[in-house]
Amino acid sequence: MSTPDLHSASPTPAPALRRLSDVTWAWMQDSDAWGYSNAGLIASQGQALLVDTQFTLGATRQLLTAVEDVCPLDAVGTVVSTHQNGDHTWGNQLLPQAEIITSAAGAAGGCHEMGPDQLTQLCRSPAEGKAPAYVVEHFGHFDFSDVTVIPPTRTFEGHEEIKIGGVVVELIDLGAGHSAGDVAVHVPDHRVVFAGDALFSGGHTIVWSGSVSGCIRACQTLLDTGAETFVPGHGTLLDRAGVAAVRDRLQAVADAATSYAQRGMPLADAARLIKTDHAGTWAHPERLFTQTAAAYTEAGIDGVPSGTWAMVEGMAALTP
Ligand SMILES: [Zn+2]
């Protein structure tokens, strides 16, 4: 392989802190590219909660500069990590005063996450093959220098209600779906949900956990809150119809994949067929491999690959 140009694939989103109600804001990247995650802010009466940080220290500093237009940074006493992927947690060290909350399942899954040094190494010295090239294409332009992974400081299970100033905030443990344990942050009086990667907007959902049924259930749980505004982990804001569309496409893929599994079709063939039939116009149709593999796992098929690298290899194999 030739030496990769580490900056060739750099998209240039222009994130902004968007006010959703008088106490809620969304940090929107409006991007379906890997690694450009949305975040959230709830601020009231001198207290603030941040939903997720960013992939790099530079991107998190940009977020925190925008937060300072709303409240002083030392008011941010709580960070809720929607899950443990680096694009939502690798800026945690810039909020040393904050309690970092996630679900017990999410925290337990964190030990399987790829670290910043490992990802940098993969991008700088890629091996031959489609999977390393895929990683370089999508992650090679990020600078993870000086990132120290800060794990959660407190976990919860089920539902937990907390108060930020005068605002009631509900933390919802969604269980395994996108990741080993996803969390949503619901602000009931303002009908806002920060969904993390339980929702992707404009791009296909990636299933790291092996449970596509968990992803479908999570979408329904989000709708059951009665909220009207949903901040996805990636992409543009969603309304209720948008969340239902994500759920329904996941269900259609799961149904098709289960049928292929029951007929004994090899996973790679099923993933290719599903990409042809279900890609639509959403970005990253190669992620349909991860949904197909999860459906195969849930159908009880032996030998289905699992784990981060197996998913990357499966996705890369579906790219042109
Ligand atoms: Zn993400």
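Counting begins at 1 with the first residue of the sequence. Please read these numbers as outputs of a predicted model, since none were measured by experiment. Ligands are counted one by one from 1 in listed order, and the atoms in each one are counted from 1 as well.
The Zn ion (ligand 1) lies closest to atom OD2 when only the N/O/S atoms of Asp87 are considered. The name of the N, O or S atom in Asp197 nearest to the Zn ion (ligand 1) is OD2.
In this structure a side-chain-to-backbone donor-acceptor pair under 3.5 Å is present from Asn38 to Pro232. Side chain of Glu286 to backbone of Met315: no donor-acceptor contact under 3.5 angstrom is found.
With Trp282 as the aromatic partner, Arg287 does not meet the cation-pi criteria of under 6.0 angstrom to the ring centre and within 45 degrees of the ring axis.
Here the straight-line distance linking atom OG of Ser211 with atom CZ of Arg217 works out to 5.5 Å at 0.5 Å rounding.
For a distance bound of 2.8 Å, the N, O or S atoms of His88 include one lying that close to the Zn ion (ligand 1). At a cut-off of 2.8 Å, His234 is counted among the residues with an N, O or S atom near the Zn ion (ligand 1).
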